[in-house]
Amino acid sequence: MGDHRQHERPDGHGSPHRNHDDAPKAGGSTPQAPVEGASHVPVMLDRIVELLAPALSRPGAVFVDGTLGLGGHSEALLEACPTMRLVGVDRDTTALERSARRLAPYADRTHFVHAVYSDIPHALDEAGVEAADAVLLDLGVSSPQLDETDRGFAYAQDAPLDMRMDRTQELSAAEVVNDYPVAELTRVLRTYGEERFASRVARAIERRRAQGRIDSTRELAELVREAIPAATRRTGGHPAKRTFQGLRIEVNAELSILRETLPAAISRLGLGGRIAVLSYHSLEDRMTKKALAALATDTTPADLPVPLPDRQPELRLLTRGSESPSDEENERNPRAQSARLRAAERVRRPSRQ
């Protein structure tokens with residue numbers, strides 16, 4: 001969410017960004033307490049500011065950070081745009097608490113909402129805002145969620161099987177692993193994890209859970225490693241990474257929520273408003289690409305001699321294909337490597353139905 005996003009994830013001014021038509025998817029003797037989250041540098045920070053700040057230059061402009069996290073992107077934009085107002089949204093109550101502390105110097109310009117980012121229209125209504133001037137969606141798992149062992153997102157650490165971004169919800173990874181029928185579990189791993197050995201992994205889980213519940217990340221990761229053919233285990237990173245991705249997406253309904261979020265967020269963009277989306281795997285990026293491209297296309301029937309005003313593009317794409325972090329950023333922050341950025345600007349108000 002607002003800072004480093006997962007999936008296998010500071011940018012210098014003027015650093016080049018690679019384009020992709022389609023992703024693979026102060027002083028004194030007394031030490032000062034560090035600002036919580038200050039050491040976490042958000043992914044593609046300078047590029048995000050470059051893309052969104054022009055839409056936030058007017059007095060009272062509203063920026064919606066739909067995935068607030070530690071508030072790094074929001075902090076940079078609050079500093080760059082001194083009259084901007086922030087509506088910060090996150091489904092993780094811990095993230096909201098931390099961001100509120102980090103952004104305390106801007107308290108008179110911030111409003112925080114505990115919600116899933118598909119609820120951006122509701123968050124704007126709650127803040128008394130009709131239209132947003134800029135929206136950011138930084139998808140995936142935030143660094144704090146990854147680094148806090150008890151959250152259960154990381155296969156490299158032993159923890160309870162959890163993976164809930166919103167810990168007030170009931171469904172966790174433990175329920176998916178232990179209670180889903182094998183066919184449904186296979187679907188989750190194949191569709192969301194893009195795991196080509198999904199059936200083998202699901203059957204291995206079924207055999208193991210016949211002996212008792214699988215409750216730890218280490219146990220699951222080892223089980224998955226043993227289920228993957230030895231030749232495949234030698235390349236492509238940790239054998240369990242795709243299984244963990246699939247489970248996380250299922251637990252948090254990430255793709256179905258994103259499918260609702262994109263049109264909902266775009267619908268509340270004012271004229272000249274901008275949206276930027278950072279994705280971390282091909283499923284997210286393809287969905288983002290499709291949603292933005294659909295509204296950036298002239299839909300006048302081909303047999304008509306002149307363009308129809310109400311069929312002209314609503315959006316103008318600000319990125320050519322998707323952009324990725326510079327080599328310098330990837331070296332400094334390996335978690336940035338899979339990031340893909342797309343952005344667009346509203347150039348026409350939608351036609352009234």
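Values below: all heavy atoms of this structure, side chains included; hydrogens, waters and symmetry mates excluded.
- Within 6.0 Å of atom CD in E79, 12 or fewer heavy atoms from other residues, nucleotides or ligands are found, so the atom counts as exposed in its surroundings.
- Scanning all heavy atoms of the two residues, the minimum distance from H114 to R91 falls at NE2-O, 3.0 Å.
- Contact annotation: the side chain of D90 never approaches that of F112 to less than 4.5 Å [non-hydrogen atoms, C-beta and beyond].
- The side-chain heavy atoms of P160 and D215, taken from C-beta on, include no pair separated by under 4.5 Å.
- Side-chain contact between P350 and R346 is present, with heavy atoms from C-beta onward closer than 4.5 Å.
- Around atom CD of E130, no more than 12 heavy atoms belonging to other residues, nucleotides or ligands sit under 6.0 Å away.
- Although no hydrogens or angles enter the test, the distance criterion places no donor-acceptor pair under 3.5 Å between the side chain of E222 and the main chain of E219.
- For the residue pair D298 / Q312, a side-chain donor-acceptor distance below 3.5 Å is found, with atom types taken as modelled.
- At distances below 3.5 Å, at least one donor-acceptor pair connects side-chain atoms of N178 with backbone N or O atoms of A174.
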request  = Decide side chain to side chain contact (heavy atoms under 4.5 Å, CB included) for R109 and M84; before the verdict, give the C-alpha distance in whole Å, the side-chain angles of both, and the deciding distance to 0.1 Å.
outcome  = CA-CA 7 Å; R109 295 196 280 135; M84 178 198 96; 4.1 Å; yes
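- Within the 4.5 Å cutoff, side-chain heavy atoms of L161 are placed close to those of V177.
- If you chain together hydrophobic residues whose side chains sit under 4.5 Å apart, I214 and V182 never meet in one group.
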task = May I have the step-by-step check of salt bridge (Lys or Arg N to Asp or Glu O under 4.0 Å) for D133 and R85, ending in yes or no?
result = CA-CA 10 Å; D133 297 279; R85 296 165 56 199; over 6 Å; no
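- Counting non-hydrogen atoms of other residues, nucleotides and ligands closer than 6.0 Å to CZ of R213 gives a total above 12.
- Formation of a donor-acceptor pair under 3.5 Å by the E329 side chain with backbone atoms of M44 is found in this model.
- A distance-only check finds a donor-acceptor pair linking the side chain of D158 to the backbone of R218 [under 3.5 Å].
- Interatomic distance, CE of M165 versus CG of N252, reported as 4.5 Å (0.5 Å rounding).
- Considering all non-hydrogen atoms of both residues, V347 and P313 come closest at CG2-O, 3.6 Å.
- Taking 4.0 Å as the cut-off between side-chain N and carboxylate O, R47 and E323 count as a salt-bridged pair.
- At least one side-chain heavy atom of I228 sits under 4.5 Å from a side-chain heavy atom of E195.
- How far CZ of F244 is from NE2 of H238: 7.5 Å, rounded to the nearest 0.5 Å.
- The neighbour count for R58 CZ, taken as heavy atoms of other residues, nucleotides or ligands under 6.0 Å away, is above 12.
- Side-chain contact check for P54 versus R274: some heavy-atom pair is nearer than 4.5 Å.
- Not a single donor-acceptor pair under 3.5 Å links the side chain of T319 to the backbone N or O of S322.
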message = Does R316 form a salt bridge (Lys or Arg N to Asp or Glu O under 4.0 Å) with E345? I'd like the steps, not just the answer.
response = CA-CA 5 Å; R316 176 175 68 91; E345 178 183 25; 2.5 Å; yes
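- Under the 3.5 Å distance criterion, the side-chain polar atoms of T300 are left unmatched by any main-chain donor or acceptor of P307.
- A pairwise comparison of heavy atoms in R190 and A198 identifies N-CB, 3.6 Å as the closest pair.
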request  = Take H111 and V113, measure what side chain to side chain contact (heavy atoms under 4.5 Å, CB included) needs, and give me the verdict at the end.
outcome  = CA-CA 7 Å; H111 179 84; V113 182; 3.5 Å; yes
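- Here CD of E314 is found 5.0 Å from CG of L295. Values are rounded to the nearest 0.5 Å.
- Using modelled atom types and a 3.5 Å distance limit, the side chains of T94 and R98 yield no donor-acceptor pair.
- Smallest separation of non-hydrogen atoms from A291 and L262: CB-CD1, 3.8 Å.
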key: Check against side chain to side chain contact (heavy atoms under 4.5 Å, CB included), L52 and V135   = CA-CA 8 Å; L52 298 185; V135 174; over 6 Å; no
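- Remark: E206 does not engage R203 in a salt bridge, criterion side-chain N to carboxylate O under 4.0 Å.
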query = Would I275 and L292 satisfy side chain to side chain contact (heavy atoms under 4.5 Å, CB included), going step by step from the backbone distance to the final call?
reply = CA-CA 9 Å; I275 182 170; L292 298 183; 4.2 Å; yes
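- The shortest side-chain heavy-atom distance between L315 and I266 falls under the 4.5 Å cut-off.
- In the displayed structure, E331 atom CD is contacted under 6.0 Å by at most 12 heavy atoms of other residues, nucleotides or ligands.
- Hydrophobic clustering (ILVMFWY, side-chain heavy atoms < 4.5 Å, transitive): L171 and L220 are in one cluster.
- Residues A80 and V49 come closest through the heavy atom pair CB-CG1, 4.2 Å.
- For the side-chain contact (heavy atoms from CB on, under 4.5 Å) test with S279, the passing option among L137, L341, D285 is D285; the others fail.
- Judged by distance alone, with hydrogens and angles left aside, the side-chain atoms of S99 form a donor-acceptor pair with the main-chain N or O of G69 at under 3.5 Å.
- Within the 4.5 Å cutoff, the side chain of R209 has no heavy atoms near those of the D179 side chain.
- With rounding to the nearest 0.5 angstrom, the CD1 atom of I205 is 6.5 Å from the CG atom of L247.
- A side-chain hydrogen bond (donor to acceptor under 3.5 Å, both in side chains) with E254 is found for one member of Q245, R259, R248 and no other, namely R248.
- Side-chain N/O atoms of Y180 and E250 include a donor and acceptor closer than 3.5 Å.
- Side-chain atoms of Y280 and D138 form a donor-acceptor pair, as typed in the model, at a separation below 3.5 Å.
- Contact record, R200 with P229: NH1-CG, 3.6 Å, taken as the closest heavy-atom pair.
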